[in-house]
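Scope of the values below: all heavy atoms of this structure, side chains included, with no hydrogens, waters or symmetry mates. The structure presented is a predicted model; accordingly, all values stated were derived computationally and were not measured.
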Amino acid sequence: PSISGIYAGGLGLYTGLSSMFSTHSSRNTTGILPSATHTSDMDSNKIKGNVAGDVPVHSCRIRVGRSIDGFGLSPGITKEQRKGVEALMKKAFANLKGDLQGTYYPLTGMDEKVRQKLVDDHFLFVSGDRNLQVAGMERDWPEGRGIYHNNAKTFLTWVNEEDQLRIISMQQGGDVKAVFERLAKGIKAVQESVKEGIWKRTSALNKK
């Protein structure tokens, strides 16, 4: 369970208050020093080995958070900015092809049958998280929020939940490499349409 946490409403706060965030992360994250920096490597060819086929793994899921440069972060984002993120992502999703192609479902005005299907598939995120509410991250609910998934239901993106984007790859069984390959492919495809905000610290905007 979460012991403590800090949210910032914009990139400038993470840099301007870097000493505070670094100290907090070092105290609450084992083994990470204030001097640490984040390294991202999405090359699936570097993954050696996999979960053996006879291991009883029910399913595998890998997910990451992303923020888009030019928009406020969730605690400080305005209603107009949140709608702007959603509009940008709708265009990005429309450009996804092949096994990433699918459908975006906005939470606003969602048909009850669609909502129930997403609940049954365990895809739908809902309001009511006390931490997010206290941080002001559920303002104007549910406007500007939604869920995208591909036709095979193995690639998902949550829009404007806790992060601006929560990108998820998953499938039945224990083929971790295949799940990671799809995640890397999906992130690359999304990056072709949006510019992601990146912070160099290990305790970055999207640290999970």
Give a yes or no answer on whether the side chain of [X] reaches the backbone of [Y] with a donor-acceptor pair at less than 3.5 Å.
X      : Y      : value
Arg66  : Leu165 : no
Asn50  : Asp175 : no
Arg139 : Pro75  : yes
Ser169 : Val179 : yes

Review point. Is the shortest heavy-atom distance from the side chain of Val64 to the side chain of Leu183 under 4.5 Å?
Key: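 A side-chain contact under 4.5 Å exists here.
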Check your understanding: Are the aromatic rings of His149 and Tyr105 close, with centres under 6.0 Å apart?
Key ->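 Yes; Tyr105 has its ring centre under 6.0 Å from that of His149.
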**Study point:** Residues that Asp111 engages under salt bridge (Lys or Arg N to Asp or Glu O under 4.0 Å), provided they are two or more places apart
**Key:** none
Review point. After noting the C-alpha distance and the side-chain angles of Lys185 and Glu181, does the key distance pass the salt bridge (Lys or Arg N to Asp or Glu O under 4.0 Å) rule?
Key: CA-CA 6 Å; Lys185 179 180 178 181; Glu181 286 177 341; over 6 Å; no
Point to revise | Remaining members of hydrophobic cluster (4.5 Å side-chain criterion), Val134 | key: none
Mind checking the [atom1]-[atom2] spacing from [X] to [Y]? Nearest 0.5 Å is all I need.
X      : Y      : atom1 : atom2 : answer
Gln164 : Ser67  : CD    : OG    : 4.5 Å
Thr154 : Ile168 : OG1   : CD1   : 11.5 Å
Thr103 : Tyr148 : OG1   : OH    : 7.0 Å
Asn151 : Asp99  : CG    : CG    : 10.0 Å

Practice item. Determine whether the side chains of Arg182 and Gln171 contain a donor N or O and an acceptor N or O closer than 3.5 Å. Key: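 Present: a donor and an acceptor within the cut-off.
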Check your understanding: In terms of the angle between their ring planes, are Phe125 and Trp158 parallel, tilted or perpendicular, with boundaries placed at 30° and 60°?
Key ->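 Taking Trp158 first and then Phe125, their aromatic rings sit tilted (interplane angle of 30° to 60°).
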Review point. Is the shortest distance from a Lys or Arg side-chain nitrogen in Glu162 or Arg166 to a carboxylate oxygen in the other one below 4.0 Å?
Key: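 Salt bridge: yes.
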Review point. Is Lys83 salt-bridged to Glu143, cutoff N-O under 4.0 Å?
Key: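 Glu143 and Lys83: salt-bridged.
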